[in-house]
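Bear in mind the structure is a predicted one, so any value in this text is a computation, not a measurement. Every number for a ligand or one of its atoms is a count from 1 in the order of the listing.
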Amino acid sequence: MAGKMWAGRFTKEVDERVNDFNSSISFDHRMYKQDIEGSMAHATMLGECGIIDIEESKKIVEGLKGILADIDSGKLEFDPTAEDVHMFVEAELTARLGDTGKRLHTARSRNDQVALDIRMNLKVEADEIIALVKELENTILNMAEKHLSTVMPGYTHMQRAQPITFAHHLMAYANMLLRDLGRLDDCKKRLNIMPLGSGALASTTYPINRQRVCDLLGFDEITQNSLDGVSDRDFCIELASAISILMMHLSRFSEEIIMWCSWEFKFVELDDAYATGSSIMPQKKNPDVTELIRGKTGRVYGDLNTLLVMMKGIPLAYNKDMQEDKEAIFDAIDTVKLCLKTFIPMLDTMTVLKDNMRNAAAKGFINATDCADYLVKKGMPFRDAYKITGTLVHTCIELGCTLETLPLEEYKKLTENFDEDVYDAISLDTCVMQRKAAGGPAPESVKAQIAYVREKI
Ligand code: ARG
């Protein structure tokens, strides 16, 4: 781009390497819509306040509309040598309108302009992420409804611990995602504050009406300090942090699905459309999607870290370091959207192998706590009941049987408190059905959990 907007102060053209290094249009062009909408509001306000001629203000708005339409239709392409999207749009406007176009930047700096554009852009992105998380929630809830009685082992330390249902397990994720939605909503509150009018750093001497721009663009309120208005990127960090936590949840879920797909577990089978094969091993069906989500989580954490480190040493107010915010936050956004868009249909088409889940739950003395509880209900102190049950498990291991198949004589050898009804008390179904405390795995409790999340989203 020959002849910089700021050329008056300089006696030389900028070095091509500096120009390339400095330019952000390759990644900030995605804010063109917000840049143009922001400029239209600004021009409208300038006209209304008599800072520029009202007729010229109208021409600017029309000119900007034309540029927006031409970019949308592909008629107008971004100039890769432009410094950024803001300079590009302004130069294009001036090319179209002549001197009138040059009046747009009155009472404004790119510093408050870019702060406005990112906020507007991230509001749109946050809404898209929220919609995708809600879609995932619905997929999980529908699946949970079908598996209220699908018994599976619950684990601690990766050891079979107590029986739960697949619905109960799924609902743990539904609750994590509900908190993610809360965090994203919270981000939106602080995104929705309008910085334009902060100027380069010290506002402006023109009699602008910031509230008017705020209203035109649908923001909740205006920023309260011009230095902070141009140099705050907390909202990027907050969004990247909410996305990082969301990715952490997707990654944990992915990790479990990867395990469940293994021959060692075989709890689920992925649809062929959502798995991949090996170039050498014909038998392989690999859960690549989930592995990539697990891998990309690290990348999003990197984006968050980039933003945190980028900001920590910046003196007030704007410094060019802050241009680095965009690639990081856009990468986090694109990555989480891509992950959600792939994860949702993958989960939706996944086959749940109920029998394998149940068989796994039947092994591993998962009902030992219930056996001890049986004795407690007959009046024995829990610690004694715990010890006796431990001895029973030991006997089972020696005899190669389970608590369900251990003969009653063996039970009675340890205490006369055991009767025929112990078998019912330790049956897998009883173990699950009896855990009906709020938040527990019993179907009625999980139904309540599903209703709660449905209501919240
Ligand atoms: N491209 C710049 C950015 O993203 C816009 C602001 C430039 N301001 C400046 N004073 N150089 O941060």
Side-chain angles (χ1 to χ4, degrees), residues 1 3-10 12-39 42 64 67 71 78-94 102 104-125 191 194-204 213 223 225-237 239-240 303 306-334:
M1 194 193 230
K4 288 281 176 209
M5 294 223 177
W6 28 261
R9 161 80 175 73
F10 292 78
K12 276 186 186 174
E13 286 278 305
V14 71
D15 184 277
E16 204 181 306
R17 285 162 294 196
V18 173
N19 200 50
D20 290 348
F21 189 59
N22 213 24
S23 171
S24 54
I25 190 143
S26 64
F27 49 87
D28 67 17
H29 71 257
R30 71 190 255 168
M31 307 192 303
Y32 73 89
K33 196 165 188 287
Q34 290 81 34
D35 190 73
I36 293 172
E37 283 169 358
S39 287
H42 180 66
L64 288 167
I67 293 175
I71 297 176
F78 296 105
D79 172 3
T81 66
E83 192 176 325
D84 52 31
V85 67
H86 327 291
M87 290 291 210
F88 171 77
V89 172
E90 195 185 327
E92 182 62 29
L93 187 73
T94 304
K102 293 185 197 159
L104 168 64
H105 211 54
T106 314
R108 187 176 74 169
S109 156
R110 268 186 302 156
N111 297 353
D112 55 350
Q113 186 179 357
V114 72
L116 175 75
D117 293 4
I118 318 171
R119 284 176 183 269
M120 287 173 71
N121 186 274
L122 296 193
K123 281 204 284 178
V124 176
E125 296 288 9
L191 274 173
M194 210 290 298
L196 205 71
S198 300
L201 74 161
S203 79
T204 178
V213 177
T223 53
N225 176 287
S226 64
L227 293 170
D228 185 46
V230 288
S231 67
D232 167 27
R233 292 296 181 271
D234 291 6
F235 51 86
C236 289
I237 298 175
L239 185 60
D303 293 328
T306 297
L307 291 167
L308 286 167
V309 178
M310 184 262 289
M311 286 303 290
K312 81 175 181 58
I314 300 187
L316 295 178
Y318 178 87
N319 294 262
K320 191 77 172 197
D321 320 34
M322 290 165 74
Q323 179 165 286
E324 291 287 309
D325 60 353
K326 285 171 232 41
E327 279 167 297
I329 189 64
F330 293 159
D331 183 70
I333 288 166
D334 293 346

Which N or O atoms of ligand 1 sit under 3.5 Å from a protein N or O, and how far apart is each pair?
{"residue": "ligand 1", "atom": "1 (N)", "partner": "S24", "partner atom": "OG", "Å": "3.1"}
{"residue": "ligand 1", "atom": "1 (N)", "partner": "D84", "partner atom": "OD2", "Å": "3.0"}
{"residue": "ligand 1", "atom": "1 (N)", "partner": "Q323", "partner atom": "OE1", "Å": "2.7"}
{"residue": "ligand 1", "atom": "4 (O)", "partner": "K326", "partner atom": "NZ", "Å": "2.5"}
{"residue": "ligand 1", "atom": "8 (N)", "partner": "N111", "partner atom": "OD1", "Å": "2.9"}
{"residue": "ligand 1", "atom": "10 (N)", "partner": "N111", "partner atom": "OD1", "Å": "3.0"}
{"residue": "ligand 1", "atom": "12 (O)", "partner": "Y318", "partner atom": "OH", "Å": "2.4"}

Problem set entry | Close side-chain approach of E92 and M87, heavy atoms under 4.5 Å |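 Answer no - side chains too far apart.
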
Problem set entry | Pairwise side-chain contact, I25 with D28, heavy-atom cut-off 4.5 Å (strictly under) |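 A side-chain contact exists here, since the closest heavy-atom pair is under 4.5 Å.
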
For this session: Quick one: list whatever passes ring-ring contact (aromatic ring centres under 6.0 Å, His included) with F21, sequence neighbours left out.
Result: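 Partners of F21 by the ring-ring contact (aromatic ring centres under 6.0 Å, His included) criterion come out as none, since no residue qualifies.
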
For this session: Name all residues meeting the ring-ring contact (aromatic ring centres under 6.0 Å, His included) criterion together with F330; count only those two or more places apart in sequence or in a different chain, and write none if there are none.
Result: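 Residues passing ring-ring contact (aromatic ring centres under 6.0 Å, His included) with F330: none at all.
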
For this session: Answer with yes or no after comparing the ring centroid distance for Y32 and F88 against a 6.0 Å cut-off, counting only values under it.
Result: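 No - the distance between ring centres of Y32 and F88 does not fall below the 6.0 Å cut-off.
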
Problem set entry | Contact list for residues 310-323, test salt bridge (charged side-chain N to carboxylate O under 4.0 Å, His left out), sequence neighbours left out |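 Sorted pair list: E83-K320.
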
